[in-house]
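Reading through the structure tokens given below for one structure.
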Amino acid sequence: MFKQLAIATATASLLIAGHSSAEVIFKVSDQRPDNAARELSTTNGSVSAPAVLPTMTYTITGLDLTSVGGAASETIVYDVLFTQTGGSAVEFNAFGNIAVLGGANAQVDIAETLTATLSLNSTTFTGDIDLGIVFMAAGGNDAIDEWDVIHEGGTESLAGSGPGVNIATFAPSSFVTLDPQSGNGVNFQRFDVQVTATPEPGSLALLGIGGLLVARRRRA
């Protein structure tokens, strides 16, 4: 049985990481997947995440998407589904990280894998929303730990150096899999999700027309 944890909320800095008339791009960082000491942040809007394994639902509010034809306060809700091979379930382990229940060390062991998959739940924005995991941190307790991080773009091979964290960064991927290769197991410690908002084709044309009208008024 999966344990339901309380809602944790963090307030963002309300800064847009990068935008143009064609898109708004920002990131949501989950610095610790556990809900007891969770550190959540976003570069555009405020994020809250009620954590219910195996699915964690993130709600982002107060998004300013006016530059892509949206409103000054939009909402995006997306899910992260965790699935495993081996073991019996997905869990928050004693370290506060996501792991596989049933292994020798309450981590992700060699005979197990752990996958996070993204999906859009709902949004008030009428344009397009694209999601992708772009950063994943995992770590083990021993220098002999080795593991692969598998994503849409390929595979990153990481190795431990004793207690600590190793990271993989990659192009936005709808999923990421932690696959230990040797050692005593590793933890899924944190991840970043990139959100890209783009207008509908008709809205993009209207934005272009609006820009031309502004330019003409300035020339007049």
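One-based numbering along the sequence shown. Bear in mind that the values here come from a model prediction, so they are computed numbers and not experimental data.
M136 and L178 get closest at one heavy-atom pair: CE-CB, 3.6 Å. Across all non-hydrogen atoms, the minimal contact from S73 to G62 is OG-CA, 3.6 Å. Minimum interatomic distance between E156 and T169 (heavy atoms only, all atoms of both residues): OE2-O, 4.3 Å. What you find for N184 and D109 is that their closest heavy atoms are O-OD1, 3.6 Å. Of all heavy-atom pairs spanning F125 and A197, the tightest one is CE2-CB, 4.0 Å. When all heavy atoms are compared, the tightest approach of G132 to P172 is CA-CB, 3.9 Å.
The closest side-chain heavy-atom distance from V68 to T198 is not below 4.5 Å. The closest side-chain heavy-atom distance from V108 to N187 is not below 4.5 Å. Between F135 and R190, some side-chain heavy-atom pair lies under the 4.5 Å cut-off. Residues F26 and L63 are in side-chain contact: their nearest non-hydrogen atoms beyond the backbone lie under 4.5 Å apart. Using a 4.5 Å heavy-atom cutoff, the side chains of T196 and V24 are not in contact. L131 has its side chain within reach of I129: a pair of non-hydrogen atoms, C-beta onward, lies under 4.5 Å apart. Between T117 and V80 there is no side-chain heavy-atom pair separated by less than 4.5 Å. Residues E200 and T126 are in side-chain contact: their nearest non-hydrogen atoms beyond the backbone lie under 4.5 Å apart.
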Under the side chain to side chain contact (heavy atoms under 4.5 Å, CB included) criterion, do D192 and V28 qualify, and how do the steps go?
CA-CA 6 Å; D192 287 358; V28 178; over 6 Å; no
For L118 and D79, run side chain to side chain contact (heavy atoms under 4.5 Å, CB included): C-alpha distance rounded to whole Å, both residues' side-chain angles, the deciding distance at 0.1 Å, then the answer.
CA-CA 6 Å; L118 289 175; D79 296 328; over 6 Å; no
For the pair I76 and V195, evaluate side chain to side chain contact (heavy atoms under 4.5 Å, CB included) and give the outcome as yes or no after the intermediate values.
CA-CA 9 Å; I76 295 174; V195 182; 3.9 Å; yes
When you look at D148 and S157, which way does the side-chain hydrogen bond (donor to acceptor under 3.5 Å, both in side chains) test go after all the steps?
CA-CA 4 Å; D148 290 342; S157 295; 2.9 Å; yes
Test side-chain hydrogen bond (donor to acceptor under 3.5 Å, both in side chains) on T61 and S46 and set out the steps.
CA-CA 5 Å; T61 57; S46 299; 4.9 Å; no
Could you walk me through whether T115 and V176 pass side chain to side chain contact (heavy atoms under 4.5 Å, CB included), step by step?
CA-CA 6 Å; T115 299; V176 61; over 6 Å; no
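To the nearest 0.5 Å, atom CD of residue E112 and atom OG of residue S88 are 9.0 Å apart. With rounding to the nearest 0.5 Å, the separation of CD in Q107 from CG in L114 is 11.5 Å. Q189 CD to N166 CG: the interatomic distance, rounded to the nearest 0.5 Å, is 9.0 Å. The distance from the OG1 atom of T42 to the CG atom of N44 is 6.0 Å, given to the nearest 0.5 Å. The structure places CG of D130 at 9.5 Å from CD of Q194, a figure rounded to the nearest 0.5 Å.
In this structure a side-chain-to-backbone donor-acceptor pair under 3.5 Å is present from T85 to T113. At distances below 3.5 Å, not a single donor-acceptor pair connects side-chain atoms of N97 with backbone N or O atoms of A99. In terms of modelled atom types and a separation under 3.5 Å, the side chain of T124 and the main chain of E74 share no donor-acceptor contact.
Under the 4.5 Å side-chain contact rule for hydrophobic residues, F170 and V186 share a cluster. F175 and V193 sit in two unconnected hydrophobic clusters of ILVMFWY residues. Membership requires side-chain heavy atoms under 4.5 Å apart, directly or through other members. Under the 4.5 Å side-chain heavy-atom criterion for Ile, Leu, Val, Met, Phe, Trp and Tyr, W147 and I110 are members of distinct hydrophobic clusters. L120 and L81 fall into different hydrophobic clusters, where Ile, Leu, Val, Met, Phe, Trp and Tyr residues are linked whenever their side-chain heavy atoms come under 4.5 Å apart, directly or through other members.
Using modelled atom types, one finds a donor on one side chain and an acceptor on the other under 3.5 Å when comparing E152 with S174. There is no side-chain donor-acceptor pair under 3.5 Å between S48 and T59. Looking at D179 and T177, their side chains never bring a donor and an acceptor atom within 3.5 Å of each other.
A parallel orientation is assigned to the rings of Y58 and Y78, their planes being inclined by less than 30° (bins at 30° and 60°). Note: F82 and F188 have perpendicular aromatic rings, judged against thresholds of 30 and 60 degrees for the angle between ring planes.
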